[in-house]
Structures are given as C-alpha cells and as structure tokens.
Amino acid sequence: MSKANTNSRPEARLAKGFRDIEAPELKALADMTGKIREVYERYGFDALETPAIEYTDALGKFLPDQDRPNAGVFSFQDEDEQWMSLRYDLTAPLARYVAQNYQSLPKPFRRYAFGNVYRNEKPGPGRFRQFMQFDADTVGAEGIAADAELCMLAADTLEALGVKRGDYRIKVSSRKLLDGLLSAAGLEGEDNAGRRLTVLRAVDKLDRLGIEGVSQLLGKGRKDESGDFTKGADLTPAQTMEVIGFLERPIAENANNPAFQAGVDDLLKLQEICAAAGYEDNRIRLDQTVVRGLEYYTGPVFEAELTFEVKDEDGKPVRFGSVGGGGRYDDLVARFTGEKVPATGFSIGVSRLQAALSLIGEKKVETLGPVVILVMDKGEIATYQKMTQALRNAGIRAEMYLGSSGMKAQMKYADKRNSPCVIIQGSDERAKGEVTIKDLIEGAKAAAAIKDNKEWKEARPAQFSVSENHLVQEVHNLIKRHQG
RNA sequence: GCCGCCUUAGCUCAGUUGGUUAGAGCGCUAGAUUGUGGAUCUAGAGGUCCCCGGUUCAACUCUGGGAGGCGGUACCA
C-alpha cells in the first residue's frame, strides 16, 4: 500500500457532540422509556411518531434572540432546493401535525412522543447535539386543568422511575406573572424588548447566582469567575427593587396587584387542583423564578427539578437541576392556520435524567451474556450448532463460537461476553454422549482463592459433565441459580 | 460567542534545558500449559509525538495560526 494511500485513510472518529451508546445503557434506556410510557398512557395520552426531518419552514424559526439569528438547527437542501431541518424538539412537529390534521383530530388532542432531537450547538458537560426527549402535550384545551394535569404527570413519572418523593420538585410559574412584573417595573413597549429579555434571564438565574448576582444583572452587569462579562439590563434602582421584591415575596401576596392578577389566579387554581388530588407543596410548588423558553410560552410554565445532591468521582457535589419542563403555548398552531389553538405540554430530557439516575446508585446489574458453545473440533460444527439451537429454542441466549481461535481464546471470549457458562464437547465427551458445562461465574470465584498454577490446572473449578440429553435442563438451572 | 486548561501506543500517562534507534503500566496477540477464563514468567505486535506554517544545521520539544477534547460562562426552542 502506497504512502499516499495510507495518508488518505479516514480517521475513525465521532462527530462532535455525538456519542455511541452501548448495550448496558441501551438496556437501561429501554427500561426507562417503558416506565415513562406507562405513566403517559395511564394519563390518556396516545403515541404519535413524526419524522426526524421536516421542512425548515414547517419547523419554524424559534430563534428570536437577537444574538444568534439562525444558529442551532441542522439544515440542508433537498434535490429540489427546498430547505430541510432535523427537528430540534418534539413540539414544533406536533404543531405541524395538528395544523395538518386539524379537521379529523379529537379535540382536545392528547399525544405523547419520544425520540431523538438535534441541536447544532456547542456541546457541554452532559449536553450533546443529539439527545432524547419524551413529551406529552394536550392541544385544544385552554383550561388550567390541562396544565395541572401535566404537573401531576411529571411527578408521577419521576416516582415511577425511582426518584423518591422529596428528591424532586415540580416548580410552576406563569408567563402572565412575569408579564405583570415587567409592566409593574415599567418595561412595556418596543424599545424595552431587549431589556425584558435580559430581566427574565436574570430572574431565571436566581437559584444559581442569588439575589446579589441577579441585582448585578438587572443593573450594569456581572463579571463571572471565568472572566466573562454579562451585560446587565441597566434598570434604575427603583425598577431593580421592584423585581427583587417580586422574587422575595410569595406569589399569593401579589393577588391584590392588578398587574399580577391574571397570573396569580391561574397559579392558585392550579395549586388547588393539584392539592385536591393529593399533590401538595412537597411535590408541586409555585415558584416565581421559573422562566423557561423566552419566546413561545404564554401561560403557566413548569420545570421538573432533582433536588438531591450526589458526589461525582472526585467527591465534588453535583446538582442535577432541571430534567424536564414545559408550559402553555397558545400561539404555535396559529403559525399555520391563523387560528389560535391553546396547547400545553411537558417534556422530559431522557438522556439527562438517565445520567442522574445512574448516579444515584441504581446498582449496575451485570446482565448475563449468552451461553457460549465451544468449537473443539471443526468437523463437528453441525453438532455444536444443533446444541446451540436447542438452547435457543428453550429461550436461553446462546451462541456457537464463530471465530477461528483455539480453546483458550474461546474461553477468554466467553469471559469477555460475561457468559454464565460454556459448553464443551471434545472427543472424550462425545464418546460418552456427554457434554461438559463450565460455570464461569463460580469458576471466577474459585480462581480468586487459587494462587498456584498446578492446583488451578488440577482443580478445574466449577465444571461438570452431563448427558447430552440433559444439557438444556442443566444450563437452565445454572442460569436460574445466578439470576436468583 | 467569551475565558482557562489540555492533545505523545488501543487506554492512563512519563519524557526530551531543541540532537540521530520516543518510554512505562494496563490492555492486546502468542508461548511456557498436546483440551480450560485467573495468577506467574517470556516474547511479539502497536506511534505521521493533533494538523499547517515559521525560526533552526537540526523541531515531538521554541513560535504563529488552526482543529479537537475538557472545564467555566453565555445561550438553550
């Protein structure tokens, strides 16, 4: 092979921000999505799958931030030069679907969906450019009951996944409340649009930066430890006081202020509905610091937060924070039909939640690999394959070794596959109509106690011979022993 | 986007004040063990020292730029 050829070989590498997921994690993922699905279906939502790719204009451009007008979405042009994009959430495709099938859908329409979504952004710790979301949305219901229901669904889902009560919280606020705050602070009008965004972003950071940090962001700005300067909203001291005051007093105390009336009414009603169903403050709690997406929410917004702390490998405490969220978006379908359709939804960040759950000590249950039938004699492959099929027909994971290496390598292979046992039939056993079953798990335990090679050889721990006819039964018993 | 750190074997990392054949541990392959995963010993394979330019007799090392990774921060539909 020429040198030029060698140099032109591609490097085996992953695209930035993407990752491979291997068997154990996929298994955990499947378990998890199964449990989530069960809760969602119990709440009466029906499954809907839409494609990962849509026409760009159908997905819409929800990138109102002045800073980055068009980043964030993976897009490309089709043959006919139409722009297509990978979906960046599951809500935009839902809006398209509802608009397209409006006539025939039952209203309200309740659907759940899960799948990978894609964002063309810089990946960060625990953040990738492909990740899984699991959504439930109700379209066509304007009452607050629909929102309350999603909060309860969120709580039930987390508990179904093994998060203990008290280790999570569903926080609820309302965009109307924040609108009230902005007008109370005198920030109405076109020329204050930028400031409004900055104020909301500052409010969103309260739990991380505290009152002090938020005050800086409301005023001149704030410089963080990394040296980055975040420009502030440049509010007057009086305006800042207004915002800080709002953050410090309970939501209900705003009830007499007309600016906050609509938001407070909604939230108190939501709280009442949840409380009546047994979901008290320890699970679903009003919290005026919840902000969420800035552009499209129009009513209640909620966020599911894990509240426990966990130490990472270096012993440093890690907070997981938000693992899901949602809210009411009444304008999304109107983009297509011109008709205002009320909608509300909740979305779980599956990948993130899974990372959190794996850290709170779900003991890694080593799943057993397949039984491996060793090939002792290449002339007897048909016999080995027959044994393999007999095990498979009995519902036992099994495979005949398909490589070309010797017995020792085959044993190592079985070891690496985490096999419960291997099946050995060389000429000795065949002459007697027997097979040797070697229990790899017991064998490993025995090996720990044996230091001397001679002893190891002579002991040949944890193996026994049985008649061919009893192979399936014996293997079945062995596996059962290790699983129990 | 902004700030900081990092990039040498499959993995984790040494190393060279710029000098000719770049190292370790683990892992991998094989042998000691004619049919047995562990342990021990032995041997072997495996590297454009991230990329491109500059300085130099000489660059893996110095320098400029770039890419990638990590960690903050910003943004997050």
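On a predicted model such as this, the values are computed, not experimentally measured, just so you know. By convention in this document, chain letters (A, B, ...) are assigned in the order of the sequence lines, proteins followed by strands, and residues within each chain are numbered from 1.
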* Validation row: F336(A), V98(A) side chains within 4.5 angstrom (heavy atoms) ->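 Not in contact.
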* To do: Using a 4.5 Å cut-off on heavy atoms from C-beta on, say whether the side chain of C151(A) contacts that of V172(A).
  =>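 Yes, their side chains come closer than 4.5 Å.
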Taking the [atom1] atom in each of [N] and [M], what is the distance between them to the nearest angstrom?
N	M	atom1	result
C52(B)	U42(B)	P	40 Å
G46(B)	G65(B)	C1'	32 Å
G44(B)	U48(B)	C1'	23 Å
U56(B)	G18(B)	C1'	9 Å
U8(B)	U34(B)	C1'	43 Å
G15(B)	C50(B)	P	15 Å
A32(B)	U17(B)	C1'	46 Å
G25(B)	U20(B)	C1'	28 Å

* To do: Take R111(A) and Y97(A), measure what side chain to side chain contact (heavy atoms under 4.5 Å, CB included) needs, and give me the verdict at the end.
  => CA-CA 11 Å; R111(A) 79 84 252 223; Y97(A) 174 83; over 6 Å; no
What's the [atom1]-[atom2] distance between [X] and [N], to the nearest Å?
X	N	atom1	atom2	result
K16(A)	G68(B)	NZ	P	4 Å
K416(A)	G38(B)	NZ	P	11 Å
D439(A)	U36(B)	CG	P	19 Å
K445(A)	A39(B)	NZ	P	18 Å
D415(A)	A39(B)	CG	P	10 Å
L200(A)	A74(B)	CG	C1'	16 Å
K438(A)	G38(B)	NZ	P	10 Å
D204(A)	U73(B)	CG	C1'	15 Å

Does [X] make a side-chain N or O approach to OP1 or OP2 of [N] shorter than 4.0 Å?
X	N	answer
K205(A)	C75(B)	yes
R208(A)	A74(B)	yes
R201(A)	C76(B)	yes

Presence of salt bridge, [Y] and [X], under 4.0 angstrom:
X	Y	value
R417(A)	E399(A)	yes
D287(A)	R169(A)	no
D234(A)	K220(A)	yes

* Asked: What stem regions, each of at least 3 consecutive Watson-Crick or G-U pairs below 3.5 Å, can be found for RNA chain B?
  ->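 Correct response: B:1-7 with B:67-73, B:10-13 with B:23-26, B:28-32 with B:40-44, B:50-54 with B:62-66.
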* Asked: How would you label the contact of I424(A) with the nucleic acid (heavy atoms, under 4.0 Å): base, sugar-phosphate, or nothing?
  ->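 Base contact - I424(A) has a heavy atom under 4.0 Å of at least one base atom.
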* When all nucleic acid strands are considered with a 4.0 Å heavy-atom cut-off, which category describes A444(A): base, sugar-phosphate, or nothing? ->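 Base contact - A444(A) has a heavy atom under 4.0 Å of at least one base atom.
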* Report the C-alpha distance between T298(A) and R328(A) in whole Å, list the side-chain angles of each, state the deciding distance to 0.1 Å, and finish with yes or no for side chain to side chain contact (heavy atoms under 4.5 Å, CB included). => CA-CA 6 Å; T298(A) 55; R328(A) 176 161 287 273; 3.9 Å; yes
Counting side-chain heavy atoms from CB outward, which of [options] is closest to [X]?
X	options	value
D428(A)	G35(B), A77(B), A74(B)	G35(B)
M407(A)	G35(B), G37(B), G38(B)	G35(B)
D89(A)	G37(B), A77(B), G35(B)	A77(B)
K408(A)	G72(B), A74(B), A32(B)	A32(B)
R127(A)	G35(B), A74(B), G38(B)	A74(B)
A447(A)	G38(B), G35(B), G1(B)	G38(B)

Tell me whether the side-chain N or O atoms of [X] pair up with the base of [N] as donor and acceptor below 3.5 Å, since no angle test is needed here.
X	N	value
R119(A)	C76(B)	no
Q463(A)	U36(B)	yes
E429(A)	G35(B)	yes

* To do: Taking the six-membered ring for Trp and the single ring otherwise, decide whether the centroids of F134(A) and Y40(A) are under 6.0 Å apart.
  =>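 Between Y40(A) and F134(A), which both carry aromatic rings, the centre distance is below 6.0 Å.
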* Given that K412(A) and S427(A) both sit by RNA chain B, which one's nearest nucleotide is further toward the 5' end? ->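 Looking at RNA chain B, the more 5' nearest nucleotide goes with S427(A).
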* Asked: Do side-chain atoms of E303(A) reach the backbone of K171(A) as a donor and acceptor pair under 3.5 angstrom?
  ->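 A pair under 3.5 Å: no.
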* Under the criterion side-chain contact (heavy atoms from CB on, under 4.5 Å), which of E380(A), E468(A), M376(A) is the partner of Q425(A)? ->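 Result: among E380(A), E468(A), M376(A), E468(A) is the only option passing the side-chain contact (heavy atoms from CB on, under 4.5 Å) with Q425(A).
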